[in-house]
Protein chains: 2
Amino acid sequence: MEEHEGLFRSYLDSRSLKMTRPRKIILEAVFAIHEHFDVDILYDRIRKKHRDVSRATIYRTLPLLVESGLIKQSLRCQAKDHYEHIFGHKQHLHFICNRCGRIFEVDSSGIEQDLRKLASGTGFRIEEINIEANGLCSDCGK
Amino acid sequence: MEEHEGLFRSYLDSRSLKMTRPRKIILEAVFAIHEHFDVDILYDRIRKKHRDVSRATIYRTLPLLVESGLIKQSLRCQAKDHYEHIFGHKQHLHFICNRCGRIFEVDSSGIEQDLRKLASGTGFRIEEINIEANGLCSDCGK
DNA sequence: ATTAATATTGAGACTCATTATCAAAATACC
DNA sequence: GGTATTTTGATAATGAGTCTCAATATTAAT
C-alpha cells in the first residue's frame, strides 16, 4: 500500500468514514497526476479506466483529501478551482504567465518563513499559504 | 475632478470608450469603499442612491477598472470574486480566518521585494502579486 | 456468512455567480 | 441636429459546484 493511501485511510478511520472503491480510484488518480488539476481533468483521466465514478463523488472526495492534508486547493483558473499535492511536494509558489497561461512552480521556503514570522507577530496562526504572481514568463516577455 | 476619475477617463479615451453616467457612478462607489468588495456589496451601495445602474453594467465595468490599473481582483470568498483598490493603497497581503471569516490586511512590501528578486532570477516579469494565508486569527485561535 | 446499522454512491435536479444577447437609449463627431 | 457607434438594462443562458434521494456498498457484530 502506498504511503498516501495509508494516510488517507487513517484520516477516514479517524472520522469513521470508509475507504470505498471510488475513493480509492480517485486517490490513485490524484497521485498519478503530477501537476495542478481541476475536476474536469481528473474526471477525464478516471473515466479512461473506470466507468463507475461520478462527478458528484469527485466533488465529494476532494474536500476529504484537502481535509486530510494530502492536497490543497490552490489557484483558480478559468473559473475553476484547481488542486495540487502537498504530500511529497516541496513548498512552492506560482508564477502564472498572462500570455501563454503556463504555470511555473518556484521554491518558496524562504518567503514562507518570512510570512510565518510576520504572522506570529500579529497572533495569526497560519494553516495554509498561497502565493502567486501573474505576469509574463521569460519566453513571452521578450 | 478626483485623480482616480482622471485616470479612468484617460484609460477610456485610450480605448475610445466613453465616460458615461453609470460608469462614473460605479467608479465613485468603488472609491467610496475602503475595503474589499464583491459585486453584491457594490450593487447594494449604489442602489441606495441610484435606481438606474444595473448589475450587468457593474459586471461590465469592473474589468475596465481592473484593466485601467485602478483596482485588482483579489481573493475569492464564498464563491464570489472580490476586488480591492490598487490606486492609493499600499501593497498588502491577506490573512483570512477560517473560523470567523474576517480578512486582515498586513503590509507586504518586504515580502514582495523578495518575491521580485526571486522572479528576476528566473526571467519572469511580475505584473501582479497575490499573497494570502488562511488560518486562525488571534481571537479564534485561543 | 447473514444481518443490521450506517455511510456512500450515481444520476440528475438545483443554485447562483457570471456572461451573453438584443432592442432601446445615450454619446461623440460631423 | 443627424448619424454612426457605444452603452445600457432586462433578461435569458451558461456552467461550476452543491444537494437530494432511492439504491447500493461497507463494516462490525452475530
Side-chain angles (χ1 to χ4, degrees), chain A residues 1 5 8-30 36-47 49-68 71-83, chain B residues 5 8-30 36-47 49-68 71-83 101:
Chain A
M1 183 161 71
E5 189 182 328
F8 190 41
R9 200 179 279 273
S10 44
Y11 166 76
L12 292 174
D13 280 354
S14 75
R15 302 256 314 247
S16 21
L17 303 174
K18 293 163 186 172
M19 176 60 101
T20 62
R21 190 178 138 72
R23 283 181 182 154
K24 201 184 282 187
I25 291 170
I26 293 166
L27 178 69
E28 293 312 321
V30 163
H36 300 265
F37 62 91
D38 58 34
V39 167
D40 287 334
I41 292 169
L42 192 58
Y43 181 74
D44 289 346
R45 299 231 185 161
I46 287 172
R47 274 294 166 125
K49 296 258 179 188
H50 306 276
R51 270 293 146 67
D52 51 349
V53 175
S54 72
R55 259 204 174 71
T57 300
I58 294 175
Y59 274 111
R60 277 186 289 236
T61 303
L62 287 174
L64 298 178
L65 290 171
V66 169
E67 185 64 24
S68 73
I71 66 174
K72 72 172 196 175
Q73 203 171 333
S74 62
L75 39 81
R76 197 176 157 81
C77 211
Q78 295 165 319
K80 289 177 191 173
D81 289 334
H82 283 238
Y83 295 86
Chain B
E5 189 182 328
F8 191 41
R9 200 179 280 272
S10 44
Y11 165 76
L12 292 174
D13 280 355
S14 75
R15 301 257 314 247
S16 23
L17 302 174
K18 295 162 185 172
M19 176 60 101
T20 61
R21 189 177 137 70
R23 282 181 184 154
K24 201 184 282 188
I25 291 170
I26 292 166
L27 178 69
E28 293 313 321
V30 163
H36 301 265
F37 61 91
D38 59 33
V39 168
D40 287 334
I41 292 169
L42 191 57
Y43 182 74
D44 289 346
R45 299 232 185 162
I46 288 172
R47 274 294 168 125
K49 295 260 180 189
H50 306 276
R51 273 291 147 69
D52 51 349
V53 176
S54 72
R55 260 204 175 71
T57 300
I58 293 175
Y59 273 111
R60 276 186 290 236
T61 303
L62 286 173
L64 299 178
L65 290 171
V66 170
E67 184 63 24
S68 73
I71 67 174
K72 73 172 194 173
Q73 203 171 334
S74 62
L75 39 80
R76 194 175 161 83
C77 209
Q78 293 165 321
K80 291 177 189 173
D81 290 334
H82 283 237
Y83 295 87

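A note on names: the letters A, B, ... follow the listed sequences, proteins ahead of strands, and every chain is numbered from 1.
- When the local axes at the two ends of the helix from C:dA1-D:dT30 to C:dC30-D:dG1 are compared, using 5 base pairs at each end, they differ in direction by 30° after rounding to 10°.
- If you check every strand for non-hydrogen atoms under 4.0 Å, B:Asp38 touches nothing.
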Q: For the pair A:Ile41 and A:Arg45, evaluate side-chain contact (heavy atoms from CB on, under 4.5 Å) and give the outcome as yes or no after the intermediate values.
A: CA-CA 6 Å; A:Ile41 292 169; A:Arg45 299 231 185 161; 4.2 Å; yes

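- Taken to the nearest 0.5 Å, the OG atom of B:Ser14 stands 9.0 Å off from the CD atom of B:Glu67.
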Q: Please step through side-chain contact (heavy atoms from CB on, under 4.5 Å) for the pair B:Leu65 and B:Tyr11, ending with a clear verdict.
A: CA-CA 9 Å; B:Leu65 290 171; B:Tyr11 165 76; over 6 Å; no

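- In this entry the distance linking CZ of B:Arg15 with C1' of C:dA28 reads 18 Å, nearest Å.
- Nearest to the side-chain atoms of B:Pro22 among the listed nucleotides C:dG10, D:dT6, D:dG9 stands D:dG9.
- Counting to the nearest Å, the P atom of D:dA16 and the CD atom of B:Gln78 are 21 Å from each other.
- Within the 3.5 Å criterion, the main-chain N or O of B:Val53 finds a donor-acceptor partner in the side chain of B:Arg47.
- Heavy-atom minimum distance, B:Lys18 versus B:Leu12: O-CD1, 3.8 Å.
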Q: Go through the steps to decide whether A:Phe37 and A:Leu62 satisfy the test side-chain contact (heavy atoms from CB on, under 4.5 Å), and finish with yes or no.
A: CA-CA 11 Å; A:Phe37 62 91; A:Leu62 287 174; 4.0 Å; yes

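- Separating the OH atom of A:Tyr43 from the P atom of C:dT9 is a distance of 15 Å, rounded to the nearest angstrom.
- Close to C:dT9, at under 4.0 Å from its OP1 or OP2, lies a side-chain N or O of A:Arg23.
- Closest of all the heavy-atom pairs between B:Asp40 and B:Arg55 is OD1-NH2, 2.7 Å.
- Contact annotation: B:Ser16 does not reach the phosphate of D:dT5 (side-chain N/O to OP1 or OP2, under 4.0 Å).
- For B:Gln73 against B:Val66, the heavy-atom pair with the smallest separation is N-CG2, 4.3 Å.
- Projected onto DNA chain C by closest heavy-atom contact, A:Asp52 and B:Asp40 fall at different nucleotides, the more 5' of which corresponds to A:Asp52.
- Taking atom CD1 of residue A:Ile25 and atom P of nucleotide C:dT8, one finds them 16 Å apart after rounding to whole Å.
- Put simply, the side chain of A:Arg9 never gets that close to the backbone of A:Met19: no donor and acceptor are under 3.5 Å apart.
- The phosphate of D:dT8 (OP1 or OP2) has a side-chain N or O of B:Thr20 nearer than 4.0 angstrom.
- Regarding B:Leu12, its CG atom lies at a distance of 8 Å from the P atom of D:dT7, rounded to whole Å.
- Remark: A:Lys24 does not engage A:Glu28 in a salt bridge, criterion side-chain N to carboxylate O under 4.0 Å.
- One can place CD1 of B:Ile26 at 7 Å from P of D:dT8, the figure rounded to the nearest angstrom.
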Which protein N or O atoms sit under 3.5 Å from an N or O of nucleotides 28-30 of chain D?
none

What N/O pairs connect the protein and nucleotides 18-23 of chain D at under 3.5 Å? Give each pair on its own line.
{"residue": "D:dT20", "atom": "O4", "partner": "A:Arg60", "partner atom": "NH1", "Å": "3.4"}

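- Within the nucleic acid shown, B:Lys80 comes within 4.0 Å of sugar-phosphate atoms alone, with no base atom in reach, counting heavy atoms only.
- The interatomic distance linking B:Lys18 (NZ) with C:dA25 (P) rounds to 17 Å, in whole Å.
- If you take CG of A:Asp81 and C1' of D:dG15, they are 13 Å apart, rounded to a whole angstrom.
- A distance of 5.5 Å separates CZ of B:Arg23 from CG of B:Leu17, quoted to the nearest 0.5 Å.
- When all heavy atoms of A:Arg21 and A:Asp52 are compared, the pair lying nearest together is NH2-OD2, 3.3 Å.
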